[in-house]
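Scroll down for the structure; my scribbles are underneath it.
Worth knowing before you read on, the calculation uses all heavy atoms, side chains too, and leaves out hydrogens, waters and symmetry mates. Everything numeric in this text was worked out from a predicted model, so none of it was measured.
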Amino acid sequence: MDSFAHLIEDLEKKADEYRTDCDVVDDEIRALFESEIQRALNKLAHALPLRDESALRACAHTLTGTGGVAGAPEISVLGEELRSASIHHDWGRCEQLIHAFEAWHTLRSSPKEITGPTPSPPPEKNKDLPSLQGRILVVDDEQANRCYLESILQKCGATVMVASSGEEALALIQTNPPDVALVDVVMPGMQGYEVCEHIQRTPGMEQISVIMVTAKSTPEDVEMAFSKGAFDYIRKPFHSRELIARVQNALRLKQHTDALELWNHRMTRELEMAGNVQCKLFNSTPIFGASYDYRVCYKPSQLIGGDMFDLLPLSDGKFLAYIADVAGHGAGSALISTLMKGLIQEIISGYPEYTLDEIANELHKRYRNCVEDPELYATLVFIRVDPKNHRGEYLSCGHPPPLLFDQQGQLTSDFDPYLGGMPIGMNPASNQTAYLPQDICTFHLPQNGYLYLYTDGITEARTASGAECELTGLLTGIQHCLQHPTPNYQPTHIIKTLQEQGYDLDVDDCSLMAIRFLAPPLLTCTGEQPATYPGIDQIATLLTQTLSEAGWPYEDTALAQLLIIEHCGNIIKHGNPPPGSTIFYRLVLEPDTAQLVLSDFGYAWDPITRWVEKTETANLYAENGRGLALIHHICTSQQYYRREHKNTFVYQIDKNIPDRLSDQLHQA
């Protein structure tokens with residue numbers, strides 16, 4: 001140290017900052033550090049005459065990082081002084097420091113006289129080093145540093161990988177990702193900061209904890225490291241225990257992150273399973289009644305949600321529909337909605353003659369017997385409809401009233417939004433008559449009109465600029481779809497329209513229910529016939545006669561009749577309907593197009609899937625194909641639904657079928 005005392009003020013004090021525990025350095029590693037010092041000295045001798053600032057600073061960096069580990073902390077101080085002098089182009093100072101360094105090295109390399117017995121090796125001082133369980137990557141361009149770090153970490157039980165450059169490190173991470181990476185800042189080619197930034201920005205790598213290792217320690221250096229995503233920062237030379245403690249913290253973070261990721265994966269899987277079950281309970285499959293269509297679009301904000309809905313057929317063609325919105329989101333609200341659905345189903349099946357207020361009171365009573373917390377509530381609206389008499393009634397339990405539109409898409413209802421009672425579960429448990437008969441509102445069904453029920457996740461949706469959808473936005477979206485040249489009343493189409501207008505419908509659970517009421521002249525015939533071949537003949541004869549009376553050309557009615565015969569033949573041939581069961585049919589006629597609905601109670605049998613599967617492998621015109629190709633070509637579109645052990649097929653048939661088939665043949 002005397003070699004530099006005259007050149008560096010407070011040398012001993014400064015050297016103390018670079019002292020490290022050399023007892024962890026064995027002879028092999030010490031020799032490597034000595035070699036690094038020798039190489040630095042050789043480079044300095046070449047760089048000084050050339051005034052090569054870059055080379056001088058690189059050598060100074062090496063000396064700063066290796067001196068303390070080599071048992072010569074004064075060399076680390078020398079490296080700092082040399083770096084400062086080269087930055088300021090103080091070549092005289094650089095020359096003084098380098099000459100002093102040469103003198104120090106000559107003295108250090110001189111053979112020493114050995115007297116007395118050979119000293120015994122120092123006692124092992126690191127038996128109690130902490131255990132490190134994990135994969136650690138060491139990235140450093142200097143072999144001595146790599147070996148030093150590898151030796152310390154392996155003694156603690158870690159699995160260590162090494163890379164001599166940033167490029168090599170990134171290639172290694174791609175195939176063998178570590179838990180922690182110790183990355184040197186100053187390296188040829190890709191710098192350590194670049195390596196850190198690349199790791200943090202690459203999907204699949206961002207969970208790796210990066211500790212920056214460097215001889216630099218200015219506030220700007222530390223700030224740079226953390227801005228690039230580093231977990232920690234350590235200055236070399238360092239004490240082994242400090243290094244191990246920092247690595248241990250990084251490993252703990254990685255373990256906690258992995259555990260959290262595993263928990264999230266497991267919870268996501270369980271929520272997906274719960275969501276699938278909930279979808280079975282809250283069935284959004286369409287229902288096609290004798291004089292109405294029922295469709296729902298359900299968008300939970302998470303994998304499961306708190307909205308619920310259903311349509312329950314009653315006697316004499318009547319039905320009860322409801323939609324509800326449970327307070328909150330996620331699993332808790334989903335459990336409440338599931339409970340309420342079960343209670344509603346139980347009440348309706350047990351007391352079908354109950355009025356709407358009696359149903360609501362019974363639901364409130366049973367719910368509060370199960371859930372005492374008044375903050376766990378649900379807004380809900382019940383609707384009971386008699387399509388034959390074109391009458392309906394509804395009861396709102398803190399929920400927005402329904403929306404009624406006529407056939408032209410004009411709003412026909414102006415219901416009082418404040419009519420009704422409090423949400424289900426919000427009233428005290430002792431209140432057994434929370435809902436009264438005068439809370440019920442009656443209305444007239446518009447012929448061939450539409451009824452919509454919704455949850456406030458739609459009306460409270462916002463655009464990126466913060467504009468709220470509100471009821472006005474929903475009404476505009478519905479009317480846009482109903483009054484379009486090709487009207488589409490379906491909720492999925494309306495929700496898509498609102499999303500295209502910029503409303504974010506993923507923040508809250510969103511449900512939209514649509515019921516289309518059908519009456520003459522659109523509804524031309526509907527009924528049931530036995531699921532037998534004579535019954536099929538009856539259906540085919542009636543429907544083709546109806547098409548003929550409506551002015552459809554003979555060729556079109558003949559092909560439509562062929563479709564009906566082939567389809568119903570498939571039901572008997574493949575569906576195996578129960579003895580005594582029937583086939584439901586319904587025909588809706590609009591200008592130049594017909595919608596044919598056929599339902600049966602046979603086995604699940606999807607002709608659309610069969611068509612796709614058999615197109616390349618079978619003769620679809622043969623007996624075993626049952627005319628799938630004929631059906632496919634005759635109709636313009638076809639849909640298949642399975643709900644409550646019932647198959648429903650919806651065919652759209654456009655006029656001028658022969659012309660369309662001829663065009664298809666020419667195109668083929």
Side-chain angles (χ1 to χ4, degrees), residues 284 286 292-301 305-309 311 321-325 329 379-383 385 392 394 396-420 441 443-519 522 588 590-591 595:
S284 59
Y292 66 87
D293 288 348
Y294 159 87
R295 294 178 184 266
V296 175
C297 179
Y298 174 46
K299 281 179 57 60
S301 60
D307 286 1
M308 60 175 176
F309 48 84
L311 184 144
Y322 65 86
I323 195 167
D325 183 1
H329 308 284
T379 65
L380 183 147
V381 60
F382 287 111
I383 290 189
V385 174
Y394 83 89
S396 172
C397 305
H399 200 89
L403 304 173
L404 273 174
F405 297 85
D406 62 19
Q407 186 175 354
Q408 287 72 41
Q410 294 295 327
L411 184 68
T412 64
S413 62
D414 188 18
F415 298 126
D416 184 355
Y418 302 104
L419 185 66
C441 179
F443 57 91
H444 178 77
L445 299 181
Q447 291 215 357
N448 297 306
Y450 310 87
L451 181 146
Y452 288 91
L453 300 175
Y454 62 94
T455 57
D456 61 11
I458 299 175
T459 52
E460 293 178 359
R462 295 179 180 272
T463 63
S465 63
E468 192 169 302
C469 178
E470 300 182 333
L471 179 58
T472 304
L474 175 58
L475 290 173
T476 302
I478 294 174
Q479 290 179 318
H480 171 80
C481 295
L482 294 181
Q483 297 173 359
H484 195 271
T486 55
N488 190 335
Y489 78 96
Q490 297 188 33
T492 52
H493 184 71
I494 294 169
I495 291 294
K496 181 180 178 182
T497 299
L498 293 175
Q499 289 176 316
E500 290 172 349
Q501 293 173 356
Y503 294 109
D504 183 0
L505 297 176
D506 296 323
V507 176
D508 194 3
D509 302 330
C510 297
S511 298
L512 181 62
M513 176 191 297
I515 301 174
R516 184 188 186 189
F517 301 107
L518 298 169
L522 294 184
V588 174
E590 298 190 64
Q595 184 199 66

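Between V385 and I515, every side-chain heavy-atom pair lies at or beyond the 4.5 Å cut-off. Counting heavy atoms from C-beta outward, L505 and I495 have side chains that approach closer than 4.5 Å. At a threshold of 4.5 Å between non-hydrogen side-chain atoms, the residues S284 and F309 count as touching. Within the 4.5 Å cutoff, no side-chain heavy atoms of V296 are placed close to those of I323. Residues I383 and P402 have side chains in contact (heavy-atom distance under 4.5 Å, counting atoms from C-beta outward). The shortest side-chain heavy-atom distance between T492 and R295 does not fall under the 4.5 Å cut-off.
When all heavy atoms are compared, the tightest approach of I458 to C469 is O-CB, 3.4 Å. Here the closest non-hydrogen pair linking D416 and P401 is O-CG, 4.5 Å. Counting all heavy atoms, side chain and backbone alike, Q479 lies closest to Q410 at NE2-CA, 4.3 Å. The two residues A461 and D504 make their nearest non-hydrogen contact at CB-O, 3.4 Å. Residues T455 and D509 come closest through the heavy atom pair OG1-O, 3.7 Å. Smallest separation of non-hydrogen atoms from S413 and F415: CB-CE1, 3.4 Å.
A distance of 10.5 Å separates CD1 of I478 from OG1 of T497, quoted to the nearest 0.5 Å. Residue T476 holds its OG1 atom at 9.0 Å from CG of L498, rounded to the nearest 0.5 Å. We find the CD1-CG distance between I494 and N488 to be 7.5 Å, quoted to the nearest 0.5 Å. Remark: C441 SG to L419 CG distance equals 6.0 Å, nearest 0.5 Å. Within the model, atoms NE2 of H493 and SG of C297 stand 12.0 Å from one another, a figure rounded to the nearest 0.5 Å. Distance CD/Q408 to OH/Y450: 9.0 Å, rounded to 0.5 Å.
A tilted orientation is assigned to the rings of Y454 and H399, their planes being inclined by 30° to 60°.
Remark: side-chain polar atoms of Q483 are paired, donor with acceptor, to backbone N or O of G409 under 3.5 angstrom. A distance-only check finds no donor-acceptor pair linking the side chain of N448 to the backbone of Q407 [under 3.5 Å]. Side-chain atoms of D406 do not come within 3.5 Å of backbone N or O of G449 as any donor-acceptor pair.
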Between L451 and Y292, is a side chain to side chain contact (heavy atoms under 4.5 Å, CB included) present by the stated rule, with each step listed? CA-CA 11 Å; L451 181 146; Y292 66 87; over 6 Å; no
Step by step, would you call Y489 with F405 a ring-ring contact (aromatic ring centres under 6.0 Å, His included)? CA-CA 10 Å; Y489 78 96; F405 297 85; over 10 Å; no
Going through the distances and angles, do Q595 and D293 end up as a side chain to side chain contact (heavy atoms under 4.5 Å, CB included)? CA-CA 12 Å; Q595 184 199 66; D293 288 348; 4.2 Å; yes
Under the side chain to side chain contact (heavy atoms under 4.5 Å, CB included) rule, what do L474 and Y452 come out as? Steps first, then yes or no, please. CA-CA 10 Å; L474 175 58; Y452 288 91; over 6 Å; no
Could you give me the CA-CA distance, side-chain angles and deciding distance for V507 and R462, then say whether side chain to side chain contact (heavy atoms under 4.5 Å, CB included) is met? CA-CA 9 Å; V507 176; R462 295 179 180 272; over 6 Å; no
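A side-chain N or O of S511 and one of D307 form a donor-acceptor pair less than 3.5 Å apart. Under 3.5 Å, the side chains of D506 and S301 contain no donor-acceptor pair of N or O atoms.
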